[in-house]
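Step one of this worksheet: look at the structure below.
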Amino acid sequence: MEKITLKKIEQGKSIVVKNIHFETGKAYLRKESLNVLDGIVEQLNKNKSIKLEVRGHTDSRGSDEYNKKLSERRADAVVEYMIKRGISPERLTAVGMGEEKPVADNSTPEGRSKNRRTEFFIIQK
């Protein structure tokens, strides 16, 4: 499993966390995502000044409006999980990016998979 080190990421920069997965078309975190999120919670507990923006992204299947709402719900689900694990809500913001910022070609299954991602943007260190 990939080890996330938030402290090394500069303020104003972000990291894509690959192992956060949701049920298809839903905002339910899959069980295999929880260890990764627990690791990020641990990092936030060690670095109390860090504030994060959680950015949800989707592929281009579905309407723009549907994808925007789905990505918002997914970002909210990550933030809610982290709050339940003791992170102050004031340190977290959820943003749905929808399909606006693809990192790969949406015409292939591999590209769509890369575009469905959760990104952590460092607001403050």
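The figures that follow rest on heavy atoms only: side chains count, while hydrogens, waters and symmetry mates do not.
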How many angstroms lie between CG in Leu52 and CG in Leu44, if you round to the nearest 0.5 Å? 5.0 Å

Tell me whether Lys26 at atom NZ has more than 12 heavy atoms from other residues, nucleotides or ligands lying less than 6.0 Å away. no

Nearest 0.5 angstrom please: Ile40 CD1 to Ile50 CD1, how far? 11.0 Å

Walk me through whether His57 and Glu119 qualify under side-chain hydrogen bond (donor to acceptor under 3.5 Å, both in side chains). CA-CA 8 Å; His57 297 267; Glu119 187 177 4; 2.6 Å; yes

Look at the side chain of Arg91 and the backbone N and O of Pro89, then say whether any donor-acceptor pair between them is shorter than 3.5 Å. no

Give the intermediate values and the outcome of salt bridge (Lys or Arg N to Asp or Glu O under 4.0 Å) for residues Lys84 and Glu80. CA-CA 6 Å; Lys84 285 179 184 170; Glu80 286 173 23; 5.1 Å; no

Can you give me every donor-acceptor pair (side chain of residues 94-104, partner residue at least two apart or in another chain, under 3.5 Å) with its distance?
from: Glu99; atom 1: OE1; to: Asn67; atom 2: ND2; distance (Å): 2.5
from: Glu100; atom 1: OE2; to: Lys68; atom 2: NZ; distance (Å): 3.3

Closest non-hydrogen contact found for Gly56 with Ser71 is O-CB, 3.3 Å

Do Lys18 and Arg117 have side chains that approach each other closer than 4.5 Å (heavy atoms only, starting at C-beta)? no

Distance, nearest 0.5 Å, that separates CD1 of Ile15 from CG of Leu6: 7.0 Å

Look at Lys69 together with Glu65 and state whether they make a salt bridge at an N to O cut-off of under 4.0 Å. yes

With ILVMFWY side chains joined below 4.5 Å, transitively, what does Leu70's cluster contain besides itself? Tyr66

Gap separating the CZ atom of Arg73 from the OG1 atom of Thr58, nearest 0.5 angstrom: 11.5 Å

Heavy-atom check, side chain of Val78 versus side chain of Phe22, under 4.5 Å: yes

By side chain to side chain contact (heavy atoms under 4.5 Å, CB included), which residues pair with Ile123, not counting sequence neighbours? Lys51, Glu53, Thr93, Phe121

Taking the side chain as every heavy atom from C-beta outward, state whether Asn115 and Asp105 have any atom pair closer than 4.5 Å. no

side-chain contact (heavy atoms from CB on, under 4.5 Å) between Ile122 and Lys13: does it pass, once the steps are laid out? CA-CA 6 Å; Ile122 307 291; Lys13 301 282 184 185; 5.7 Å; no

To the nearest 0.5 Å, what is the distance between CD1 (Ile20) and CZ (Arg116)? 14.5 Å

Kindly work out whether a path of hydrophobic side-chain contacts (I/L/V/M/F/W/Y, heavy atoms less than 4.5 Å apart) joins Tyr28 to Tyr81. no

Working to the nearest 0.5 angstrom, can you tell me the gap between Leu29 CG and Arg74 CZ? 9.5 Å

Take Val54 and Asp76 through the side-chain contact (heavy atoms from CB on, under 4.5 Å) test and state the conclusion after the steps. CA-CA 8 Å; Val54 178; Asp76 285 341; over 6 Å; no

